[in-house]
There are 2 protein chains.
Amino acid sequence: MTRLRGSNPLGARKALAERFQTWSVNAFDLSLCPVRGVLDRLGDKWTTLIVIALSHRPQRFSELLRAVPDISKRMLTQTLRDLERDGLIARQVFPTKPPSVEYRLTSLGESLLEPLVTLVSWAETSQAVIETARAAFDAREPVPA
Amino acid sequence: MTRLRGSNPLGARKALAERFQTWSVNAFDLSLCPVRGVLDRLGDKWTTLIVIALSHRPQRFSELLRAVPDISKRMLTQTLRDLERDGLIARQVFPTKPPSVEYRLTSLGESLLEPLVTLVSWAETSQAVIETARAAFDAREPVPA
DNA sequence: CCATATGGTCTCAAAATTAGACCAGGTCTT
DNA sequence: AAGACCTGGTCTAATTTTGAGACCATATGG
């Protein structure tokens with residue numbers, strides 16, 4: 001087949017499988033697998049969206065609220081706090097009349113952009129295939145109303 | 001520091017920012033941003049763990065239950081169904097005495113491994129920095145008992 | 001004959017998330 | 001000057017999601 005430099009799934013599979021080997025000793029035990037703590041936050045449903053929104057430019061609270069339409073204030077606040085706690089974003093208050101708060105990516109936060117781009121690219125590329133698979137599955141196994 | 005080829009955050013930032021530009025027209029509107037549908041599933045907390053576990057080798061239901069220790073049967077079933085529906089994994093039943101079911105990555109599922117590796121690598125690299133940031137944040141803003 | 005193992009499903013409780021009221025103050029409109 | 005509206009949040013109550021564990025049918029080993 002085509003043997004693409006470093007982009008064949010086999011290579012990735014091996015790389016990941018190797019890492020997994022070292023983890024499998026502790027079998028993903030939450031307290032023993034430090035990566036889980038990091039990965040869990042990324043799986044926050046809102047985290048990636050917010051990071052992507054901030055990749056564009058620093059934004060204020062209500063801008064983010066508009067940028068990610070279906071997030072609730074509560075979750076936006078909480079996700080921003082978590083992100084700030086992890087050092088991925090920085091919070092800065094401006095003493096305007098109604099004080100405004102700006103959030104921006106830190107350099108650590110920006111370093112996340114690169115892995116995120118590859119993931120988003122994959123999502124874009126695979127989206128059509130996935131839709132097809134979903135439709136096929138639903139046709140096989142009709143979901144009851 | 002070291003200047004690695006093509007791994008500077010600036011490049012990634014620009015790449016992502018450009019993509020975001022095209023999305024920002026619809027401002028992440030769930031129904032209009034197809035990537036969200038895909039990204040949401042990846043942010044399932046269990047999805048990535050299961051895919052990683054299966055990157056090792058095909059595994060049966062109860063093997064996965066053991067591999068991802070703190071998942072409940074309920075969530076394992078559901079996550080596997082979703083993954084199957086999206087065409088990322090395949091389910092095969094063997095007519096053994098108590099029938100066993102094996103789950104394996106499809107080629108689409110394997111294609112996810114590559115982006116996942118970069119993400120996991122980032123998590124591993126950044127983990128220490130993040131822990132430090134968390135500690136510093138908690139010291140500043142002591143979480144009440 | 002009882003325990004165990006298989007892959008799930010079902011129910012109920014617990015946890016996470018949402019929607020939306022509310023706040024303090026200042027500006028803008030009328 | 002009264003009212004509406006803006007800021008960034010917090011708080012409560014209702015809804016949704018998740019978790020823990022019982023349960024099932026069948027078959028094997030002891």
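Computed from heavy atoms alone, side chains included, the values below leave out hydrogens, waters and symmetry copies. So that the names make sense, note that chain A is the first sequence line, chain B the second, and so on, each numbered from 1.
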- Item | Members of residues 83-98 of chain A that approach DNA chain D, where some heavy atom sits under 4.0 Å away | A/R91, A/P98
- Item | Pairing of B/E63 and B/R57 as salt bridge, 4.0 angstrom limit | yes
- Starting at CG of A/L64 and ending at P of D/dG9, how long is that distance when rounded to a whole Å? 11 Å
- Separation of D/dT16 atom C1' from B/M75 atom CE, nearest Å, is 12 Å
- Query: For D/dT17, does OP1 or OP2 lie under 4.0 Å from any side-chain N or O of B/W46?
  - Reply: no
Show me the protein contacts with nucleotides 9-14 of chain C, counting only N or O atoms at under 3.5 Å.
none

- Message: Among B/I50, B/L64, B/T77, which residue satisfies the side-chain contact (heavy atoms from CB on, under 4.5 Å) criterion with B/I71?
- Response: B/I50
- Query: Nearest to the side chain of B/Y103, which nucleotide is it out of C/dG8, C/dT18, D/dT18?
  - Reply: C/dG8
- Message: Quick check for you: among D/dG19, D/dT7, C/dG7, whose closest atom lies nearest to any side-chain atom of A/R66?
- Response: D/dT7
- Would you tell me if any nitrogen or oxygen in the side chain of B/S72 comes within less than 4.0 Å of OP1 or OP2 on D/dT18? no
- Residue-phosphate contact under 4.0 Å: A/S100 side-chain N/O, D/dT7 OP1/OP2: no
- Query: Is there side-chain contact between A/Q59 and A/L54, with at least one heavy-atom pair below 4.5 Å?
  - Reply: yes
- Minimum-distance pair of heavy atoms, taken over all atoms of A/P98 and A/T96: O-OG1, 2.8 Å
- In Å and rounded to the nearest 0.5 Å, what is the OG1 to CG distance from A/T47 to A/L116? 10.0 Å
- Taking 4.0 angstrom as the limit, do A/D44 and A/R41 come out as a salt bridge? yes
- Note on the structure: All heavy atoms of B/L39 vs all of A/A123, minimum pair found to be CD1-CB, 4.1 Å
- Atom-pair distance (CG on B/L65; C1' on C/dT6), nearest Å: 12 Å
- Message: Minimum heavy-atom separation for A/P115 and A/S111, please, with both atom names.
- Response: CD-O, 3.3 Å
- Message: The side chain of A/V101 is closest to which nucleotide in this list: D/dG8, C/dG8, D/dG19?
- Response: D/dG8
- Message: In whole Å, I'd like the distance from the NZ atom of A/K45 to the P atom of D/dT17.
- Response: 8 Å
- Whole-Å distance separating the CD atom of B/Q78 from the P atom of C/dG7: 18 Å
- Item | Interatomic distance where CG belongs to B/D70 and P belongs to D/dG21 [whole Å] | 14 Å
- Atom-pair distance (CG on B/L76; C1' on D/dG21), nearest Å: 16 Å
- Query: Can you name the closest pair of heavy atoms from A/P99 and A/V93 and give their distance?
  - Reply: CB-CG1, 4.4 Å
